[in-house]
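Being a predicted model, the structure only gives us computed values, none of them experimental. Values reported hereafter were calculated over all heavy atoms of this structure, with side chains retained and with hydrogens, waters and symmetry mates removed.
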Amino acid sequence: MSAPRLRFAPSPSGYLHIGGARTALFNWLWARSQGGSFILRIEDTDQERSSLDSVRAILDSMKWLGLDWDEGPEVGGPHGPYFQSERKALYREATETLISRGLAYRCYCTKEALDAQRAALKERDPKAQFVYPGTCRDRTDTPDQPFVVRFKSPESGSTDFVDKVFGAISTPNASQQDFVLVRTDGYPLYNLAAVVDDHAMGITLVARGRDHIGNTPQQVLLYRAFGWEPPEFAHLPMMLSPKGDKLSKRNADVGVQDYRDRGYPAMGVLNYLVRFGWSLGDREIFSRSELIRAFGWDRVGKADGKFDDKKFADVAFEHLKQPELTGLDDYAAWAAPFLERRGLASPEPARLRAAIPLVRERARTLAEAAEMLDYFFRPEPELDPKAAAKALGPGAAEVLGELAEALRGVEPWEGSALEEATRRHVEARGLALKDVAQPARVAVTGRAASPPLFDVMSVLGREQTLHRLARAAGKA
RNA sequence: GGCCCCAUCGUCUAGCGGUUAGGACAUCGGCCUCUCACGCCGGUAACCCGGGUUCGAGUCCCGGUGGGGUCGCCA
């Protein structure tokens, strides 16, 4: 079998949300694992709702996630253009073919008339479903009026396809109505455009959310009407909100960019998303390359699920925590914007590299990391009043002064030597380590909690450490 | 309501006829400890219900119940 061609086809009517990102991911993974192609196509046939801002936001999010595309906006490709709004000629040609074969027809019923009928029916019986009555199905005249194009659905038999996730799905044709292919304004509707493009672009597998499963029979019908072989289909179970309802694009805080802004690493996001509906035994954490190697449709589940913030945060954290998953350089680069946000625009690189190992197992996001890194890059730490009140009370001045003296000549200025010196000092004074460590911690970091004190001192250096101890002693 | 789909701890899931039903998150204890974390040890916690098939069903079949999707000149 030749290399598969997959696509992700968002409509630019808002930001990319995590549900969409998950769909993109599954397509991307399969393309990458099979040496196939991943195509990005923008479905902007609804002029009302589409915007360039949305296109930009979607492309940004895709790039941030590392879901690179082989054909599509910005990179082009042999099957372009990749915006549906620029492919109208294709749809028109396809539509005419269908009409000339008697498989589609022009319908002159106005939307208003149909809507009125629908409303009237609902009034009589709220549970009834409105079905297009086929008014124009066999019409032969061609009045000079606006029209839509409808597909002439078969009235008997069934339309079947085999889904790579759900297996055989059969839908009676009698339950299909003559759905609209082309609007009054000449723009194609989703089912027509998707089929024409997927065929033209040589798509071999269409993977999308389960909410599209009902479109599939209609699309299969269209493939047959054109005389084309349908692609394979794979539908993904839905990712619902924590409450159990549909994740909505309007739900601004589930946008990919929201997660980026909150300081989650891209691979953390992807790792959570892939494990949602796909699993490999007990394995939870995957690097990008491991994922590409491991992914397969046979291990995709069928049941919908609810998004879980805590689990998500943990998976993302796992990626920040493990140096094998997030190298020092990446960590530093990713933390930089969050430090900048705190007014720390150009942290000294060597110190940053030294400090990251101290915070990476404590910071659950890059935003938290920046907060924990803060005092390494200021002349003076910001003093937490509560911590100061508790640890820098009476007697602290003496404790800190003595500690500074005990540490002044320590060689080398490094964690274990500092700890050793401090323990000797504390023992000689008949104190407990914590009696000295807490005041010192607040003096050096400004806070009641920090990475191990002596490691912090080590990164801070002799001069700044002694300076901070002395300054705090002066204040206390 | 029509059509389609789904069903294991609170959540994500493993399980593919015989298991003390496993893991992860969350939660509750404990250990480690200069604080905070990390890590480690342990606890609570699930097969929706009813019929079949079978020597034996979480696993296979049927029905019910529950949940979801979809029924647009949105995608």
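Under the Watson-Crick or G-U wobble criterion, with both distances below 3.5 Å, B:C47 is left unpaired in every strand shown. Taking a pair to require two hydrogen-bonding distances under 3.5 Å in either a Watson-Crick or a G-U wobble arrangement, B:U54 remains unpaired. In this structure, B:C74 makes no Watson-Crick or G-U wobble pair, since no nucleotide meets both defining distances under 3.5 angstrom. Remark: B:A24 base-pairs with B:U11. Criterion, Watson-Crick or G-U wobble with two distances under 3.5 Å. The partner of B:U35 cannot be assigned: no Watson-Crick or G-U wobble pair with both contacts below 3.5 Å exists in any strand.
In this model, no side-chain donor or acceptor of A:Arg362 finds a partner on the base of B:C38 within 3.5 Å. Put simply, the side chain of A:Thr184 and the base of B:C73 share a donor and an acceptor less than 3.5 Å apart. Looking at A:Asp304, its side chain has no donor and acceptor atom pair within 3.5 Å of the base of B:G68. Looking at A:Glu284, its side chain comes within 3.5 Å of the base of B:G23 through a donor and an acceptor atom. Between the base of B:A75 and the side chain of A:Asn215 there is a donor-acceptor pair shorter than 3.5 Å.
A cation-pi arrangement is absent between A:Lys164 and A:Phe233 under the rule of less than 6.0 angstrom and at most 45 degrees off the ring axis.
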Open item on the list: Would A:Arg118 and A:Asp115 count as a salt bridge (charged side-chain N to carboxylate O under 4.0 Å, His left out) here? Give the steps.
Closed with: CA-CA 5 Å; A:Arg118 199 190 324 265; A:Asp115 285 347; 3.3 Å; yes
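With C1' as the reference atom, B:A24 and B:G67 are 25 Å apart, rounded to whole Å. Annotation: B:A45 and B:C5 have their P atoms spaced 37 Å apart (nearest Å). Going from the P atom of B:A21 to that of B:C25 covers 22 Å, rounded to whole Å. Taking atom C1' in both B:G58 and B:A37, one finds a spacing of 39 Å when rounded to whole Å. B:U65 and B:U27 have their C1' atoms separated by 30 Å, with the value rounded to a whole Å. The separation of B:U59 from B:U19, taken at their P atoms, amounts to 13 Å, rounded to a whole angstrom. When the C1' atom is compared between B:G29 and B:G69, the two are found 43 Å apart, to the nearest whole Å.
Between the CG atom of A:Leu16 and the P atom of B:A75 there is a distance of 18 Å, given to the nearest Å. The CG atom of A:Leu325 sits 17 Å away from the P atom of B:C38 (whole-angstrom rounding).
Using a 4.0 Å cut-off, no side-chain N or O of A:Arg441 falls inside it from OP1 or OP2 of B:A37. Between A:Arg447 and B:U35 there is no side-chain N or O to OP1 or OP2 distance below 4.0 Å. Contact between the side-chain N/O atoms of A:Arg423 and the OP1/OP2 oxygens of B:C34 is found at a separation under 4.0 Å. Here A:Lys321 reaches the OP1 or OP2 of B:G39: one of its side-chain N or O atoms lies under 4.0 Å away. Put simply, A:Lys246 has a side-chain N or O that comes within less than 4.0 Å of OP1 or OP2 on B:U70. In this structure, A:Ser279 reaches the B:A14 phosphate: one of its side-chain N or O atoms is under 4.0 Å from OP1 or OP2. Using a 4.0 Å cut-off, no side-chain N or O of A:Lys311 falls inside it from OP1 or OP2 of B:U11. The shortest distance between the side-chain N/O atoms of A:Gln176 and the OP1/OP2 oxygens of B:G2 is not below 4.0 Å.
With distances taken from any side-chain atom of A:Thr171 to the nucleotides B:A75, B:C4, B:C5, the minimum falls on B:C4. Set against B:C36, B:C4, B:C34, the side chain of A:Ile169 has B:C4 as its closest nucleotide. Among B:A75, B:C71, B:C6, the nucleotide with an atom closest to any side-chain atom of A:Tyr190 is B:A75. Closest contact between the side chain of A:Lys310 and the listed nucleotides B:U13, B:C38, B:C25 involves B:C25.
A salt bridge does not link A:Arg423 to A:Glu427: none of the charged side-chain nitrogens sits closer than 4.0 Å to a carboxylate oxygen.
Contact annotation for A:Arg118: backbone-only contact, meaning every heavy-atom pair under 4.0 Å involves sugar-phosphate atoms and none involves a base. No engagement by A:Phe307 is indicated, since no non-hydrogen atom pair under 4.0 Å with the nucleic acid exists. Among the heavy atoms of the strands lying under 4.0 Å from A:Pro172 are primed sugar atoms or P, OP1, OP2 only; no base atom is included. At a threshold of 4.0 angstrom between heavy atoms, the contacts of A:Val180 are confined to the sugar-phosphate backbone, with no base atom among them.
To the nearest 0.5 angstrom, A:Asn27 atom CG is 9.0 Å from A:Leu25 atom CG.
Ring planes of A:Tyr264 and A:Phe312: perpendicular class, angle over 60° (limits at 30 and 60°).
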